[in-house]
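Here the structure comes first, spelled out in C-alpha coordinates, and everything after it is commentary.
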Number of protein chains: 2
Amino acid sequence: MRVLKFAILGLLYRQEYSGYDITSQFKKEIGQFWSAKHSQIYPELRKLVDEGLLHFRTQIQGEKLEKKMYTITEAGRKELLAWAISPEPLPETEKDAFMLKMYFIHTLSKEEAKTLFQDQLQQRQDKLVYLQQQYDDLIPVFGTENTADAMYFDHPHLGHYLVLTKAIAREQSYVVWLEQQMKLFL
Amino acid sequence: MRVLKFAILGLLYRQEYSGYDITSQFKKEIGQFWSAKHSQIYPELRKLVDEGLLHFRTQIQGEKLEKKMYTITEAGRKELLAWAISPEPLPETEKDAFMLKMYFIHTLSKEEAKTLFQDQLQQRQDKLVYLQQQYDDLIPVFGTENTADAMYFDHPHLGHYLVLTKAIAREQSYVVWLEQQMKLFL
DNA sequence: GGGTCCATGTAACTGGTTACATGATTCT
DNA sequence: AGAATCATGTAACCAGTTACATGGACCC
(Lines give C-alpha, C1' and ligand atoms only; values in the text may rest on other atoms or scores of the structure.)
Protein backbone atom coordinates (compact mmCIF):
# COMPACT_ATOMS: atom_id res chain seq x y z
CA MET A 1 0.00 0.00 0.00
CA ARG A 2 3.08 2.18 0.35
CA VAL A 3 1.72 4.32 3.16
CA LEU A 4 5.18 5.67 3.94
CA LYS A 5 5.28 7.14 0.45
CA PHE A 6 2.14 9.17 1.17
CA ALA A 7 3.28 10.09 4.67
CA ILE A 8 6.39 11.67 3.14
CA LEU A 9 4.45 13.37 0.34
CA GLY A 10 2.03 14.73 2.92
CA LEU A 11 4.80 16.13 5.09
CA LEU A 12 6.31 17.86 2.06
CA TYR A 13 2.97 19.31 0.97
CA ARG A 14 3.51 22.54 2.87
CA GLN A 15 7.25 22.74 3.28
CA GLU A 16 10.65 21.59 2.25
CA TYR A 17 12.30 19.01 4.51
CA SER A 18 15.52 17.02 4.67
CA GLY A 19 15.48 13.27 5.36
CA TYR A 20 16.60 14.05 8.87
CA ASP A 21 13.73 16.52 9.31
CA ILE A 22 11.23 13.89 8.19
CA THR A 23 12.71 11.44 10.70
CA SER A 24 12.27 14.11 13.38
CA GLN A 25 8.65 14.74 12.41
CA PHE A 26 7.87 11.07 13.02
CA LYS A 27 9.05 11.55 16.59
CA LYS A 28 6.48 14.33 17.08
CA GLU A 29 2.65 14.27 17.05
CA ILE A 30 2.13 12.24 13.90
CA GLY A 31 4.38 9.55 15.40
CA GLN A 32 1.30 8.48 17.40
CA PHE A 33 -0.20 7.14 14.15
CA TRP A 34 2.64 6.68 11.70
CA SER A 35 6.42 6.56 11.83
CA ALA A 36 9.51 5.16 10.16
CA LYS A 37 13.23 4.88 10.92
CA HIS A 38 15.79 6.84 8.96
CA SER A 39 16.99 3.58 7.39
CA GLN A 40 13.61 3.24 5.72
CA ILE A 41 13.16 6.93 4.94
CA TYR A 42 16.38 7.56 2.98
CA PRO A 43 15.81 4.77 0.44
CA GLU A 44 12.15 5.81 0.11
CA LEU A 45 13.14 9.42 -0.65
CA ARG A 46 15.45 8.22 -3.35
CA LYS A 47 12.66 6.09 -4.82
CA LEU A 48 10.23 9.01 -4.82
CA VAL A 49 12.78 11.17 -6.65
CA ASP A 50 13.24 8.38 -9.22
CA GLU A 51 9.46 8.27 -9.65
CA GLY A 52 9.35 12.02 -10.25
CA LEU A 53 7.22 12.75 -7.19
CA LEU A 54 9.94 14.70 -5.39
CA HIS A 55 13.01 16.66 -6.25
CA PHE A 56 15.75 18.00 -4.06
CA ARG A 57 18.44 20.63 -3.88
CA THR A 58 21.64 20.25 -1.93
CA GLN A 59 22.20 22.78 0.78
CA ILE A 60 25.38 23.43 2.73
CA GLN A 61 25.06 23.55 6.49
CA GLY A 62 27.97 25.38 8.14
CA GLU A 63 31.32 24.72 6.41
CA LYS A 64 30.77 21.64 4.29
CA LEU A 65 27.95 19.45 5.65
CA GLU A 66 25.65 18.72 2.77
CA LYS A 67 21.98 18.15 3.28
CA LYS A 68 19.32 17.40 0.71
CA MET A 69 16.20 19.49 0.92
CA TYR A 70 13.24 17.73 -0.71
CA THR A 71 10.26 19.38 -2.41
CA ILE A 72 7.09 17.79 -3.75
CA THR A 73 6.48 17.99 -7.53
CA GLU A 74 3.16 18.51 -9.28
CA ALA A 75 2.99 14.76 -9.98
CA GLY A 76 3.63 14.18 -6.29
CA ARG A 77 0.80 16.48 -5.26
CA LYS A 78 -1.51 14.73 -7.66
CA GLU A 79 -0.74 11.29 -6.20
CA LEU A 80 -1.01 12.60 -2.65
CA LEU A 81 -4.44 14.06 -3.29
CA ALA A 82 -5.72 10.87 -4.93
CA TRP A 83 -4.64 8.90 -1.87
CA ALA A 84 -5.96 11.45 0.62
CA ILE A 85 -9.53 11.43 -0.71
CA SER A 86 -9.72 7.62 -1.08
CA PRO A 87 -11.87 6.05 1.66
CA GLU A 88 -9.78 4.23 4.23
CA PRO A 89 -10.98 0.66 4.90
CA LEU A 90 -10.73 -0.57 8.48
CA PRO A 91 -7.92 -3.00 9.21
CA GLU A 92 -9.33 -6.41 10.20
CA THR A 93 -6.69 -6.63 12.91
CA GLU A 94 -5.23 -3.85 15.05
CA LYS A 95 -2.30 -5.65 16.61
CA ASP A 96 -1.91 -5.34 20.36
CA ALA A 97 0.39 -7.78 22.12
CA PHE A 98 -0.95 -6.84 25.55
CA MET A 99 -4.47 -7.86 24.49
CA LEU A 100 -3.06 -11.11 23.12
CA LYS A 101 -1.67 -11.80 26.59
CA MET A 102 -5.09 -11.00 28.04
CA TYR A 103 -6.68 -13.53 25.71
CA PHE A 104 -4.36 -16.07 27.30
CA ILE A 105 -5.04 -14.83 30.86
CA HIS A 106 -5.90 -18.40 31.92
CA THR A 107 -2.19 -19.26 31.62
CA LEU A 108 -1.48 -16.90 34.55
CA SER A 109 -2.23 -16.88 38.26
CA LYS A 110 -4.43 -14.12 39.61
CA GLU A 111 -1.40 -12.40 41.12
CA GLU A 112 0.63 -12.54 37.93
CA ALA A 113 -2.27 -11.21 35.87
CA LYS A 114 -2.83 -8.40 38.35
CA THR A 115 0.81 -7.31 38.15
CA LEU A 116 0.74 -7.30 34.35
CA PHE A 117 -2.51 -5.40 34.38
CA GLN A 118 -1.35 -2.74 36.81
CA ASP A 119 1.87 -2.24 34.89
CA GLN A 120 -0.10 -1.62 31.70
CA LEU A 121 -2.44 0.76 33.51
CA GLN A 122 0.50 2.75 34.85
CA GLN A 123 2.12 3.02 31.43
CA ARG A 124 -1.13 4.13 29.79
CA GLN A 125 -1.78 6.70 32.52
CA ASP A 126 1.74 8.10 32.13
CA LYS A 127 1.26 8.38 28.40
CA LEU A 128 -2.06 10.13 28.91
CA VAL A 129 -0.42 12.72 31.15
CA TYR A 130 2.23 13.31 28.50
CA LEU A 131 -0.36 13.71 25.73
CA GLN A 132 -2.48 16.04 27.82
CA GLN A 133 0.57 18.20 28.41
CA GLN A 134 1.08 18.39 24.65
CA TYR A 135 -2.57 19.31 24.26
CA ASP A 136 -2.25 22.10 26.82
CA ASP A 137 0.74 23.43 24.89
CA LEU A 138 -1.22 23.40 21.63
CA ILE A 139 -4.44 25.04 22.77
CA PRO A 140 -3.01 28.56 23.34
CA VAL A 141 -1.85 28.64 19.70
CA PHE A 142 -4.97 26.89 18.47
CA GLY A 143 -7.70 28.61 20.41
CA THR A 144 -10.63 26.22 20.76
CA GLU A 145 -12.31 25.13 24.01
CA ASN A 146 -14.79 27.04 26.18
CA THR A 147 -15.91 29.24 23.27
CA ALA A 148 -18.07 26.36 21.93
CA ASP A 149 -17.10 26.83 18.30
CA ALA A 150 -14.16 28.92 17.02
CA MET A 151 -13.10 25.71 15.29
CA TYR A 152 -11.78 26.63 11.89
CA PHE A 153 -11.57 24.03 9.18
CA ASP A 154 -8.77 26.06 7.64
CA HIS A 155 -6.73 26.47 10.76
CA PRO A 156 -3.11 25.57 9.91
CA HIS A 157 -2.78 23.38 13.01
CA LEU A 158 -6.01 21.44 12.61
CA GLY A 159 -4.19 18.21 11.69
CA HIS A 160 -2.07 18.57 14.77
CA TYR A 161 -5.17 19.10 16.91
CA LEU A 162 -7.01 16.10 15.44
CA VAL A 163 -4.09 13.76 15.98
CA LEU A 164 -3.60 14.86 19.57
CA THR A 165 -7.25 14.64 20.57
CA LYS A 166 -7.53 11.22 18.93
CA ALA A 167 -4.44 9.91 20.72
CA ILE A 168 -5.87 11.20 24.01
CA ALA A 169 -9.23 9.54 23.30
CA ARG A 170 -7.44 6.28 22.53
CA GLU A 171 -5.43 6.29 25.75
CA GLN A 172 -8.41 7.38 27.84
CA SER A 173 -10.47 4.55 26.48
CA TYR A 174 -7.65 2.11 27.27
CA VAL A 175 -7.31 3.43 30.83
CA VAL A 176 -11.06 3.28 31.46
CA TRP A 177 -11.24 -0.29 30.19
CA LEU A 178 -8.29 -1.37 32.33
CA GLU A 179 -9.82 0.27 35.41
CA GLN A 180 -13.17 -1.40 34.79
CA GLN A 181 -11.61 -4.83 34.44
CA MET A 182 -9.62 -4.35 37.65
CA LYS A 183 -12.71 -5.72 39.41
CA LEU A 184 -11.35 -9.13 38.41
CA PHE A 185 -8.65 -8.82 41.06
CA LEU A 186 -10.74 -7.72 44.05
CA MET B 1 9.87 -10.29 19.04
CA ARG B 2 8.25 -13.33 17.48
CA VAL B 3 4.77 -12.58 18.75
CA LEU B 4 3.25 -15.09 16.33
CA LYS B 5 5.25 -17.81 18.05
CA PHE B 6 3.58 -16.98 21.37
CA ALA B 7 0.16 -16.54 19.79
CA ILE B 8 0.41 -20.11 18.50
CA LEU B 9 1.77 -21.48 21.78
CA GLY B 10 -1.06 -19.71 23.60
CA LEU B 11 -3.72 -21.18 21.35
CA LEU B 12 -2.29 -24.66 21.89
CA TYR B 13 -2.13 -24.21 25.66
CA ARG B 14 -5.56 -25.73 26.19
CA GLN B 15 -6.12 -27.82 23.10
CA GLU B 16 -4.73 -29.53 20.09
CA TYR B 17 -5.13 -27.67 16.77
CA SER B 18 -4.21 -28.14 13.14
CA GLY B 19 -2.60 -25.33 11.16
CA TYR B 20 -5.95 -24.78 9.51
CA ASP B 21 -7.65 -24.52 12.92
CA ILE B 22 -5.14 -21.89 14.03
CA THR B 23 -5.80 -19.92 10.85
CA SER B 24 -9.53 -20.12 11.66
CA GLN B 25 -8.98 -18.91 15.22
CA PHE B 26 -7.33 -15.76 13.89
CA LYS B 27 -10.55 -15.02 12.03
CA LYS B 28 -12.50 -15.12 15.32
CA GLU B 29 -12.33 -12.91 18.44
CA ILE B 30 -8.56 -12.80 18.87
CA GLY B 31 -8.30 -11.61 15.28
CA GLN B 32 -9.22 -8.17 16.63
CA PHE B 33 -5.76 -8.00 18.22
CA TRP B 34 -3.57 -10.51 16.45
CA SER B 35 -3.70 -12.53 13.26
CA ALA B 36 -1.63 -14.22 10.59
CA LYS B 37 -2.20 -15.81 7.19
CA HIS B 38 -1.81 -19.54 6.64
CA SER B 39 1.31 -18.84 4.57
CA GLN B 40 2.97 -17.48 7.71
CA ILE B 41 1.49 -20.03 10.10
CA TYR B 42 2.62 -23.24 8.40
CA PRO B 43 6.33 -22.31 8.30
CA GLU B 44 6.09 -21.06 11.90
CA LEU B 45 4.59 -24.37 13.08
CA ARG B 46 7.42 -26.22 11.46
CA LYS B 47 9.94 -23.93 13.15
CA LEU B 48 8.32 -24.46 16.56
CA VAL B 49 8.49 -28.22 16.10
CA ASP B 50 12.18 -27.91 15.17
CA GLU B 51 12.71 -25.87 18.34
CA GLY B 52 11.03 -28.56 20.43
CA LEU B 53 8.17 -26.33 21.58
CA LEU B 54 5.50 -28.30 19.73
CA HIS B 55 4.98 -31.78 18.44
CA PHE B 56 2.34 -33.16 16.17
CA ARG B 57 0.58 -36.34 15.16
CA THR B 58 -0.87 -36.98 11.75
CA GLN B 59 -4.56 -37.68 11.66
CA ILE B 60 -6.63 -38.96 8.76
CA GLN B 61 -9.77 -37.05 7.92
CA GLY B 62 -12.28 -39.12 5.90
CA GLU B 63 -10.57 -41.43 3.37
CA LYS B 64 -7.06 -40.11 2.96
CA LEU B 65 -6.82 -36.39 3.82
CA GLU B 66 -3.96 -35.98 6.24
CA LYS B 67 -3.94 -33.25 8.84
CA LYS B 68 -1.32 -32.50 11.44
CA MET B 69 -2.60 -31.98 14.94
CA TYR B 70 -0.16 -29.91 17.02
CA THR B 71 0.36 -30.11 20.80
CA ILE B 72 2.47 -27.89 23.05
CA THR B 73 5.45 -29.49 24.82
CA GLU B 74 6.68 -28.78 28.34
CA ALA B 75 9.42 -26.56 26.88
CA GLY B 76 6.72 -24.74 24.92
CA ARG B 77 4.64 -24.13 28.03
CA LYS B 78 7.66 -22.81 29.82
CA GLU B 79 8.44 -20.29 27.07
CA LEU B 80 4.81 -19.27 26.80
CA LEU B 81 4.58 -18.55 30.52
CA ALA B 82 7.80 -16.52 30.53
CA TRP B 83 6.41 -14.37 27.73
CA ALA B 84 2.94 -14.07 29.26
CA ILE B 85 4.16 -12.65 32.58
CA SER B 86 6.65 -10.22 31.01
CA PRO B 87 5.40 -6.61 31.14
CA GLU B 88 4.28 -5.37 27.75
CA PRO B 89 5.84 -2.02 26.79
CA LEU B 90 3.61 0.40 24.86
CA PRO B 91 4.34 0.73 21.17
CA GLU B 92 5.54 4.28 20.36
CA THR B 93 3.38 4.20 17.24
CA GLU B 94 -0.02 2.58 16.72
CA LYS B 95 -0.33 2.83 12.98
CA ASP B 96 -3.57 4.21 11.63
CA ALA B 97 -3.68 5.33 8.00
CA PHE B 98 -6.98 7.15 8.49
CA MET B 99 -5.43 9.34 11.18
CA LEU B 100 -2.48 9.99 8.90
CA LYS B 101 -4.96 11.33 6.34
CA MET B 102 -6.52 13.49 9.06
CA TYR B 103 -3.09 14.93 9.86
CA PHE B 104 -3.01 16.03 6.23
CA ILE B 105 -6.59 17.34 6.27
CA HIS B 106 -5.36 20.68 4.91
CA THR B 107 -4.75 18.97 1.55
CA LEU B 108 -8.52 18.44 1.19
CA SER B 109 -11.53 20.64 0.65
CA LYS B 110 -14.16 20.75 3.37
CA GLU B 111 -16.48 18.60 1.25
CA GLU B 112 -13.84 15.99 0.53
CA ALA B 113 -12.86 15.81 4.18
CA LYS B 114 -16.48 15.48 5.23
CA THR B 115 -17.06 12.55 2.86
CA LEU B 116 -13.96 10.76 4.10
CA PHE B 117 -14.98 11.39 7.68
CA GLN B 118 -18.52 10.15 7.26
CA ASP B 119 -17.34 7.03 5.48
CA GLN B 120 -15.04 6.21 8.38
CA LEU B 121 -17.82 6.86 10.89
CA GLN B 122 -20.16 4.52 9.03
CA GLN B 123 -17.56 1.75 8.91
CA ARG B 124 -16.77 2.10 12.61
CA GLN B 125 -20.46 2.10 13.54
CA ASP B 126 -21.06 -1.03 11.47
CA LYS B 127 -18.16 -2.75 13.17
CA LEU B 128 -19.48 -1.73 16.57
CA VAL B 129 -22.87 -3.30 15.79
CA TYR B 130 -21.11 -6.50 14.73
CA LEU B 131 -19.00 -6.61 17.91
CA GLN B 132 -22.00 -5.90 20.12
CA GLN B 133 -23.80 -8.79 18.49
CA GLN B 134 -20.86 -11.04 19.34
CA TYR B 135 -20.97 -9.72 22.88
CA ASP B 136 -24.68 -10.49 23.18
CA ASP B 137 -23.96 -14.03 21.99
CA LEU B 138 -21.23 -14.47 24.59
CA ILE B 139 -23.01 -13.13 27.65
CA PRO B 140 -25.54 -16.01 28.02
CA VAL B 141 -22.66 -18.49 28.26
CA PHE B 142 -20.54 -16.15 30.33
CA GLY B 143 -23.03 -14.80 32.80
CA THR B 144 -21.88 -11.39 33.94
CA GLU B 145 -23.86 -8.12 33.76
CA ASN B 146 -26.66 -6.91 36.04
CA THR B 147 -25.54 -9.15 38.93
CA ALA B 148 -22.76 -6.65 39.74
CA ASP B 149 -20.06 -9.26 40.28
CA ALA B 150 -20.30 -12.93 39.27
CA MET B 151 -17.05 -12.27 37.42
CA TYR B 152 -14.83 -15.26 37.86
CA PHE B 153 -11.13 -14.96 37.27
CA ASP B 154 -11.11 -18.64 36.44
CA HIS B 155 -13.97 -18.57 33.98
CA PRO B 156 -12.87 -20.50 30.87
CA HIS B 157 -14.14 -17.72 28.57
CA LEU B 158 -12.59 -14.78 30.39
CA GLY B 159 -10.04 -14.16 27.63
CA HIS B 160 -12.81 -14.14 25.09
CA TYR B 161 -14.75 -11.65 27.21
CA LEU B 162 -11.79 -9.33 27.72
CA VAL B 163 -10.95 -9.20 24.03
CA LEU B 164 -14.54 -8.47 23.04
CA THR B 165 -15.12 -5.75 25.61
CA LYS B 166 -11.80 -4.14 24.69
CA ALA B 167 -12.60 -4.19 20.97
CA ILE B 168 -15.99 -2.61 21.73
CA ALA B 169 -14.36 0.08 23.88
CA ARG B 170 -11.89 0.83 21.08
CA GLU B 171 -14.60 1.21 18.45
CA GLN B 172 -16.85 3.22 20.75
CA SER B 173 -14.03 5.61 21.48
CA TYR B 174 -13.37 5.96 17.75
CA VAL B 175 -17.04 6.63 17.00
CA VAL B 176 -17.36 9.21 19.78
CA TRP B 177 -14.25 11.04 18.61
CA LEU B 178 -15.47 11.08 14.99
CA GLU B 179 -18.89 12.36 16.08
CA GLN B 180 -17.32 15.11 18.19
CA GLN B 181 -15.10 16.29 15.36
CA MET B 182 -18.05 16.38 12.96
CA LYS B 183 -18.62 19.90 14.27
CA LEU B 184 -15.87 20.89 11.82
CA PHE B 185 -18.29 20.40 8.94
CA LEU B 186 -21.29 22.34 10.21
C1' DG C 1 38.15 18.15 24.06
C1' DG C 2 33.87 15.92 24.67
C1' DG C 3 29.02 15.29 24.26
C1' DT C 4 24.87 15.89 21.80
C1' DC C 5 22.73 16.55 17.84
C1' DC C 6 22.67 17.01 12.72
C1' DA C 7 23.08 14.45 8.58
C1' DT C 8 23.15 10.39 5.26
C1' DG C 9 23.65 6.17 3.83
C1' DT C 10 23.93 0.58 3.38
C1' DA C 11 23.46 -4.44 4.84
C1' DA C 12 21.35 -8.11 6.95
C1' DC C 13 17.54 -9.75 8.76
C1' DT C 14 12.63 -10.37 10.39
C1' DG C 15 7.80 -10.08 9.80
C1' DG C 16 4.06 -10.16 6.90
C1' DT C 17 1.23 -10.24 2.35
C1' DT C 18 0.02 -11.87 -2.18
C1' DA C 19 0.22 -15.19 -5.38
C1' DC C 20 1.07 -19.79 -6.91
C1' DA C 21 -0.06 -24.69 -6.39
C1' DT C 22 -2.52 -28.83 -5.21
C1' DG C 23 -5.92 -31.90 -3.64
C1' DA C 24 -9.78 -33.97 -0.43
C1' DT C 25 -14.27 -33.49 1.98
C1' DT C 26 -18.82 -32.14 2.69
C1' DC C 27 -23.10 -30.29 1.55
C1' DT C 28 -26.75 -29.20 -1.68
C1' DA D 1 -22.05 -32.07 -10.63
C1' DG D 2 -20.64 -27.93 -8.49
C1' DA D 3 -19.66 -24.91 -4.64
C1' DA D 4 -17.90 -24.08 -0.23
C1' DT D 5 -14.87 -25.44 2.98
C1' DC D 6 -11.03 -28.24 4.81
C1' DA D 7 -6.20 -28.91 4.44
C1' DT D 8 -1.10 -27.91 3.47
C1' DG D 9 2.53 -26.09 1.48
C1' DT D 10 6.13 -22.80 -1.30
C1' DA D 11 7.87 -18.53 -3.79
C1' DA D 12 8.27 -13.88 -4.56
C1' DC D 13 7.80 -9.74 -2.86
C1' DC D 14 7.07 -5.73 0.27
C1' DA D 15 7.50 -3.35 4.77
C1' DG D 16 9.99 -2.53 8.65
C1' DT D 17 13.83 -3.10 12.31
C1' DT D 18 18.52 -3.50 13.93
C1' DA D 19 23.04 -2.98 13.18
C1' DC D 20 26.93 -1.19 10.77
C1' DA D 21 29.37 2.92 9.09
C1' DT D 22 30.85 7.64 8.60
C1' DG D 23 31.48 12.40 9.39
C1' DG D 24 30.22 17.50 10.40
C1' DA D 25 28.16 21.22 13.52
C1' DC D 26 27.23 23.28 17.76
C1' DC D 27 27.57 24.12 22.57
C1' DC D 28 29.97 24.05 27.00
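Throughout, protein chains are lettered first and strands after them, A, B, ... in sequence-line order, and every chain is numbered starting at 1.
Side chains of A/Gln172 and A/Arg170: no donor on one and acceptor on the other come within 3.5 Å. No donor-acceptor contact under 3.5 angstrom links the side chains of A/Gln25 and A/Asp21, judged on distance only. Side-chain polar atoms of B/Lys78 and B/Thr73 form no donor-acceptor pair below 3.5 angstrom. In this structure, a donor-acceptor pair under 3.5 Å is absent between the side chains of B/Lys127 and B/Gln122.
In this structure, B/Phe185 has its ring center closer than 6.0 angstrom to the ring center of B/Phe117.
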Protein and nucleotides 4-6 of chain D: nitrogen or oxygen contacts under 3.5 angstrom:
residue: D/dC6; atom: OP2; partner: B/Tyr20; partner atom: OH; Å: 2.4
residue: D/dC6; atom: O5'; partner: B/Tyr20; partner atom: OH; Å: 3.3

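At whole-Å resolution of the value, CD1 in B/Ile22 and C1' in D/dT8 are 13 Å apart. Between the CZ atom of B/Arg2 and the C1' atom of C/dG15 there is a distance of 11 Å, rounded to whole Å. At whole-Å resolution of the value, NZ in A/Lys27 and P in C/dA7 are 12 Å apart. A/Lys64 places its NZ atom 7 Å from the P atom of D/dA25, with the value rounded to the nearest Å. Atom CE of B/Met1 and atom P of D/dG16 are 15 Å apart (whole Å). Between A/Met69 atom CE and C/dC6 atom P there is a gap of 13 Å when expressed in whole angstrom units. Atom OH of B/Tyr70 is separated from atom C1' of D/dA7 by 11 Å (rounded to the nearest Å). Put simply, CD on B/Glu66 is 12 Å from P on C/dA24, counting in whole angstrom units.
Under the rule for a salt bridge (Lys or Arg N to Asp or Glu O under 4.0 Å), the partners of A/Lys5 that lie at least two apart in sequence or sit in another chain are A/Glu79. Residues satisfying the salt bridge (Lys or Arg N to Asp or Glu O under 4.0 Å) test with B/Arg46, not counting sequence neighbours, are B/Asp50.
Note: the hydrophobic cluster containing B/Phe153 also contains B/Leu138 (ILVMFWY, side chain heavy atoms under 4.5 Å, direct or indirect links).
Annotation: proximity of residues 11-19 of chain A to DNA chain C (heavy atom, distance under 4.0 Å) is found for A/Ser18, A/Gly19, numbered in ascending order. Of the residues in residues 33-53 of chain B, those placing a heavy atom less than 4.0 Å from an atom of DNA chain C are B/Trp34, B/Lys37, B/Ser39, B/Gln40, in numerical order.
In this model, the phosphate group of D/dG9 is approached by a side-chain N or O of B/Lys68 to a distance below 4.0 Å at OP1 or OP2.
Taking a 6.0 Å sphere around CD of A/Glu74, one finds it holds 12 or fewer heavy atoms contributed by other residues, nucleotides or ligands.
If you check every strand for non-hydrogen atoms under 4.0 Å, A/Lys95 touches sugar and phosphate atoms only.
Contacts classified as side-chain hydrogen bond (donor to acceptor under 3.5 Å, both in side chains) and involving residues 91-100 of chain B (residues at least two apart or in different chains) are given here: A/Ser35-B/Thr93, A/Arg124-B/Glu94, B/Asp96-B/Tyr174.
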Exercise. Run the numbers on A/Glu51 and A/Arg2 for salt bridge (Lys or Arg N to Asp or Glu O under 4.0 Å), then give the verdict.
Key: CA-CA 13 Å; A/Glu51 289 169 5; A/Arg2 303 213 37 209; 3.1 Å; yes
